[in-house]
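Taking it in order: structure first as structure tokens, then the write-up.
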Amino acid sequence: MTGSTSVKDALRSTAAVDSIYVQGWVRTRRDSKTFSFLELNDGSSLRNLQVIANDWLANYADVQRLATGASIAVRGKLIPSQGKGQSWEVIADDLTIIGPSDDTYPLQKKGHTPEFLREIAHLRPRSNLFGSVFRVRSRLAFAIHQFFQERDFVYVHTPIITASDCEGAGELFRITTIDATNPPRGGDGNIDYAKDFFARSTFLTVSGQLEAEAFACALKNVYTFGPTFRAENSNTSRHANEFWMIEPEMAFCDLTCNMDTAEELVKYLIRDIRENCPDEIELFGKFVDKELTARLEFVLDRPFQRISYTEAVELLLESGEKFEFPVEQGTNLQSEHERWLTEKHFKCPVTVFGYPKEIKPFYMRLNDDGKTVTAMDVLVPGIGEIVGGSQREERLDVLEANMRRHNLDPVEYKWYLDLRRYGTVPHSGFGLGFERMLMFVTGVSNIRDVIPFARTPGSAEF
RNA sequence: UCCUGAGUAGCUCAGUGGUAGAGCGGUCGGCUGUUAACCGAUUGGUCGUAGGUUCGAGUCCUACCUCAGGAGCCA
């Protein structure tokens with residue numbers, strides 16, 4: 001790579017260059033009488049660099065056989081382009097074919113459906129769409145760190161192997177080294193996990209929240225950003241079994257502060273991507289979602305609607321809309337209800353807070369009414385829930401009572417309760433689904449298309 | 001897991017019980033400072049799998065598989 005120029009930099013050049021060295025993959029070739037046009041892409045940007053290969057090149061016969069997908073290196077002159085569509089092009093003095101391709105290469109110049117490209121997940125980053133998605137994914141991850149680091153949040157690496165199997169965050173993947181064909185059994189005939197590697201049952205994490213709380217109660221503002229695993233048999237465009245999640249946790253922060261942070265974060269990320277990935281956003285707006293640009297604009301322009309669960313239910317009841325599932329106080333909002341709120345009624349992101357305690361986990365802070373908890377969800381048009389969070393219950397006695405109500409044994413959570421026993425503080429946090437955020441910002445409608453190699457039920461190829 | 005729909009050429013699809021089709025791609029030729037070029041020719045099939053109905057099934061029936069959309073679970 002030493003001495004080589006990226007396609008992105010070559011196209012940004014302000015002057016002609018006598019000797020330039022570029023490397024990349026051939027997107028298409030067009031032959032003329034005495035020379036060939038090659039479209040060279042190296043993934044550095046959406047754009048291709050046009051290379052002129054003249055028939056006096058020693059290996060011109062081979063150049064004329066170059067197929068889409070082949071890798072080449074070109075040494076030549078960067079000059080102003082005579083043609084339309086690009087300002088610079090390279091006249092090759094020397095062209096090395098590094099890795100040829102052939103007519104079995106599955107990617108064509110013409111557009112492919114995302115469903116087809118999903119079947120060739122190892123090649124799809126070479127397409128315009130997926131190259132763009134994954135450049136944006138990288139930038140989005142960077143912007144997340146930037147947001148929190150600018151605000152002095154401490155990045156905490158919570159464990160991926162965990163023993164907390166409760167919390168109601170869904171099914172867990174078990175981690176074990178026990179021989180499945182001959183497991184050790186206890187007196188009751190069940191598998192004895194005390195003989196397992198960690199001398200207890202262990203699982204892949206479904207959330208780093210509890211551990212993040214411990215660090216927030218020491219470092220004040222922290223965040224996690226890592227993979228999360230849920231063994232749910234979910235077959236939807238919004239669920240994957242391995243996904244990434246951002247979980248800030250803030251001490252001395254109540255529900256309002258929590259909602260403010262979530263909204264600020266979502267807007268910051270949209271703004272950052274819009275500024276730093278304009279070519280990609282333009283492509284998504286053209287080929288993926290025609291209303292993308294307008295929607296992102298709209299979201300940045302105004303505050304998210306905030307509405308209590310009780311008010312939301314009342315709105316739904318008064319809407320006159322015919323829902324497939326009934327709306328009633330005390331039950332969870334259905335997808336269609338959430339969609340009505342964000343897509344039809346408010347037409348912008350909506351933060352719903354103050355859910356009934358019965359439908360929410362034990363760690364959420366009980367409100368003074370004794371009926372609701374300080375939960376909050378940010379719902380966005382097209383995707384639904386993108387953020388879920390709450391102010392945490394900081395009162396030891398109330399927390400223990402909550403646990404018993406959820407049939408959890410406080411003894412199992414001694415370390416978590418210690419946080420309330422010693423110097424407890426009001427604190428809050430939320431989880432932002434990284435892929436869902438990426439879907440929102442790109443307009444890509446299937447979560448499988450924003451993860452390099454998606455893991456979904458029955459599918460873990462590659 | 002449930003509901004709905006789809007599976008035919010490399011890709012996108014048409015074919016509605018009677019000879020397997022088109023466009024794109026690929027290949028060959030022509031033309032051209034070209035731009036998802038253009039013109040001509042050509043290549044291309046286990047009709048998802050297994051059964052069944054029928055003189056005859058891509059087409060009708062049954063089961064299964066895969067994919068998509070929706071639901072639940074959630075981020």
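Protein chains get the first letters and strands the later ones, always in sequence-line order, with residue 1 at the start of each.
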Does a distance-only test, which skips hydrogens and angles, find a donor-acceptor pair under 3.5 Å between the side chain of [X] and the base of [N]?
X      : N     : answer
A:H239 : B:C74 : yes
A:Q334 : B:G72 : no
A:S234 : B:C74 : no
A:Q50  : B:U34 : yes
A:Q108 : B:G25 : no
A:E89  : B:G33 : yes
A:R436 : B:C74 : yes
A:N48  : B:U35 : no

For [N], give the paired nucleotide (Watson-Crick: N1-N3 plus N6-O4 or O6-N4; G-U: N1-O2 and O6-N3; both under 3.5 Å), or none.
N     : result
B:G44 : none
B:C74 : none
B:A6  : B:U66
B:U34 : none
B:U16 : none
B:A57 : none

Separation of [N] [atom2] from [X] [atom1] (nearest whole Å):
X      : N     : atom1 : atom2 : answer
A:D449 : B:A68 : CG    : P     : 9 Å
A:F440 : B:A75 : CZ    : P     : 18 Å
A:L379 : B:C74 : CG    : C1'   : 12 Å
A:L172 : B:C74 : CG    : C1'   : 13 Å
A:F229 : B:C74 : CZ    : P     : 20 Å
A:N332 : B:C74 : CG    : P     : 7 Å
A:R29  : B:U27 : CZ    : C1'   : 11 Å
A:N233 : B:C2  : CG    : P     : 9 Å

If you look at every strand shown and take non-hydrogen atoms under 4.0 Å, does [X] touch a base, only sugar-phosphate, or nothing?
X      : answer
A:G83  : base
A:A240 : base
A:Q82  : base
A:G111 : base
A:T113 : sugar-phosphate
A:F116 : sugar-phosphate
A:R339 : sugar-phosphate
A:I52  : base
A:R238 : base

- Query: Heavy atoms, side chains only, cut-off 4.5 Å: are A:L95 and A:V63 in contact?
  - Reply: yes
- Query: If we only count heavy atoms from C-beta on, is the A:S71 to A:Q23 side-chain gap below 4.5 Å?
  - Reply: no
- Nucleotide of B:G33, B:A75, B:U35 approaching A:M245 most closely (side-chain heavy atoms): B:A75
- Which nucleotide, B:G33, B:U35, B:C73, lies nearest any side-chain atom of A:E39? B:U35
- Quick one: does A:D42's side chain have a donor or acceptor within less than 3.5 Å of a partner on A:V7's backbone? yes
- Item | Between B:C47 and B:G33 - P atom distance, rounded Å | 46 Å
- Item | B:A75 base stacked by A:F243 (centroids within less than 5.5 Å, tilt under 30°) | yes
- Message: Taking the six-membered ring for Trp, are A:Y223 and A:H145 closer than 6.0 Å centroid to centroid?
- Response: yes
- Would you say the side-chain atoms of A:S32 and A:R30 include a donor-acceptor pair closer than 3.5 Å? no
- Look at the aromatic rings of A:F116 and A:H112 and report parallel, tilted or perpendicular, splitting at 30° and 60°. tilted
- Query: Has A:R151 got its NZ or CZ under 6.0 Å from the middle of the six-membered ring of A:F147, at an angle within 45 degrees of the ring axis?
  - Reply: yes
- Answer yes or no for A:R126 and A:F130: cation-pi contact, defined as NZ/CZ to six-membered ring centre under 6.0 Å and angle to ring axis within 45°. no
